[in-house]
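Below you'll find the structure, written out as structure tokens, and then a few comments.
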Amino acid sequence: MKNIMPFFAAAIILTGAACNTYTASTDPATYATGYGFPGENDKVGTGNTGSMGVAEVNNNATFDNPATGAKSDSMTANQNLDHLFMMNAASSGMMEVAAGKLAVTKGKNAGVKKYGQMMVTDHTKSNTELQALAKAKGVTLPTTLMPVHQQHLDMLSKLADLEFDKTYMQHMVEAHEMDIKLFDQEAKTGKDAEIKAFAAKNLPILQAHRKAAQPIFEEVGRDRPQAISR
């Protein structure tokens, strides 16, 4: 891909309808960023397999419950899905905070800087809430970013000036679309009442982030050259 590397993709995206607010002229999908969705051989945009193994092996995450001694193979499928949601949300949240800090320091556009600070503030709060919830559930969350998140953060750290602003805001539009899907699905179909409540509480915040990202993306990305897909 010329000028643009593959962007964030969740390791597992639970199926569900997206809250699609793109316009035809600004939809980042036209930039061929390589997001992966269910049904595409369960792969994400970077070529990593979207599996429980990715969460556990690459992120020090586990479904083991230290309070009960239960292992992943003895937990119900519904519990696994709820806990897997937490793991994906944790890695995504850490990514948003780290990328937001980069936007504050590297961004040139005032709107990009302000947006980055909002990401740091809001996602730090939700990350703290998620960590407390996970502790209560006996779920060990990732302590490092999933590979797809780390790859994107590494890529952003190498960019500067207008190219950083454009790429960061494109990511903000796309990443929040993905997070909205993830949280909406959990809020609707999750089996654990407290995890569902966490998703439902934070869904409007993610939708507000998505809405706020659009005009900034259009401002800094209007003159972006068309990317060449892989």
Side-chain angles (χ1 to χ4, degrees), residues 7-14 19 44 52 54-56 58-66 79-107 112-157 168-169 171-187 190 192-213:
F7 284 148
F8 161 83
I12 291 287
I13 296 297
L14 308 180
C19 176
V44 296
M52 191 182 303
V54 171
E56 292 191 296
N58 291 322
N59 300 282
N60 304 317
T62 177
F63 288 111
D64 298 351
N65 187 332
Q79 285 176 312
N80 284 347
L81 290 176
D82 286 334
H83 295 175
L84 186 55
F85 159 77
M86 297 175 76
M87 294 179 190
N88 280 286
S91 184
S92 175
M94 288 189 293
M95 170 65 196
E96 295 290 3
V97 171
K101 289 179 179 178
L102 285 179
V104 171
T105 58
K106 294 169 69 73
V112 171
K113 286 180 172 291
K114 183 177 180 180
Y115 189 93
Q117 184 57 58
M118 180 171 67
M119 294 301 97
V120 172
T121 300
D122 290 355
H123 283 280
T124 295
K125 181 179 179 181
S126 63
N127 290 351
T128 300
E129 293 175 357
L130 182 59
Q131 289 166 2
L133 179 59
K135 183 177 181 180
K137 299 294 179 181
V139 177
T140 303
L141 296 179
T143 56
T144 58
L145 296 179
M146 290 180 176
V148 289
H149 296 144
Q150 188 62 57
Q151 181 187 27
H152 181 75
L153 187 64
D154 291 344
M155 180 268 293
L156 276 177
S157 68
Y168 173 72
M169 291 314 305
H171 168 67
M172 287 298 97
V173 171
E174 294 178 341
H176 281 94
E177 283 288 336
M178 300 297 283
D179 284 345
I180 286 168
K181 286 184 180 182
L182 188 69
F183 278 67
D184 181 62
Q185 185 69 10
E186 178 64 23
D192 185 296
E194 291 176 303
I195 300 175
K196 284 183 66 176
F198 170 82
K201 174 185 176 181
N202 283 277
L203 180 59
I205 298 173
L206 295 172
Q207 291 169 332
H209 290 169
R210 168 63 181 89
K211 183 177 181 180

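Here the structure is a predicted model, which is why all the values come from computation and not from measurement.
- Within the 4.5 Å cutoff, no side-chain heavy atoms of D82 are placed close to those of K137.
- From E96, atom CD reaches atom NE2 of H149 across 8.0 Å, with rounding to the nearest 0.5 Å.
- Residues P142 and M94 meet the side-chain proximity criterion, which asks for heavy atoms closer than 4.5 Å.
- The 12-atom threshold is exceeded at CD of E129, counting heavy atoms of other residues, nucleotides or ligands nearer than 6.0 Å.
- By the 4.5 Å heavy-atom criterion applied to side chains, M119 and M172 are counted as neighbours.
- Pairing each heavy atom of A99 with each of Y168, the nearest pair is O-CE1, 3.6 Å.
- Residues H123 and V97 come closest through the heavy atom pair CB-CG2, 3.7 Å.
- Closest approach of A199 and A187 over heavy atoms only: CB-N, 3.9 Å.
- M169 places a side-chain heavy atom less than 4.5 Å from the side chain of V112.
- L81 approaches E186 most closely through the heavy-atom pair O-OE1, 4.3 Å.
- Contact between F85 and I195 at its shortest, heavy atoms only, is CD2-CG2, 3.7 Å.
- At a cut-off of 3.5 Å, with distance as the only test, no side-chain donor of Q131 or N127 sits close to an acceptor on the other residue.
- The distance from atom CE of M155 to atom NE2 of H171, rounded to the nearest 0.5 Å, is 8.0 Å.
- Between the NZ atom in K181 and the NE2 atom in H176 there is a gap of 15.0 Å [rounded to 0.5 Å].
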Query raised in the report: When you look at L102 and L153, which way does the side chain to side chain contact (heavy atoms under 4.5 Å, CB included) test go after all the steps?
Result: CA-CA 9 Å; L102 285 179; L153 187 64; 3.6 Å; yes
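- Using modelled atom types, no side-chain atom of K101 and backbone atom of V120 make a donor-acceptor pair closer than 3.5 Å.
- Note that the CD atom of Q151 and the CG atom of L145 stand 12.0 Å from one another [nearest 0.5 Å].
- Using the six-membered ring where Trp is involved, Y115 and H209 have ring planes that are perpendicular, over 60° apart on the 30 and 60° scheme.
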Report task. Decide yes or no on side chain to side chain contact (heavy atoms under 4.5 Å, CB included) for Q150 and T144, but give the supporting numbers first. Result -> CA-CA 8 Å; Q150 188 62 57; T144 58; 6.0 Å; no
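- The line from NZ of K135 to CG of L141 is 12.0 Å long, rounded to the nearest 0.5 Å.
- When all heavy atoms of M118 and A212 are compared, the closest pair comes out as CE-CB, 4.2 Å.
- The distance from the OG atom of S126 to the CG atom of N202 is 5.0 Å, given to the nearest 0.5 Å.
- Counting heavy atoms from C-beta on, the side chains of M87 and V139 come closer than 4.5 Å.
- Here the side chain of T124 pairs no donor or acceptor atom with the backbone of T121 at under 3.5 angstrom.
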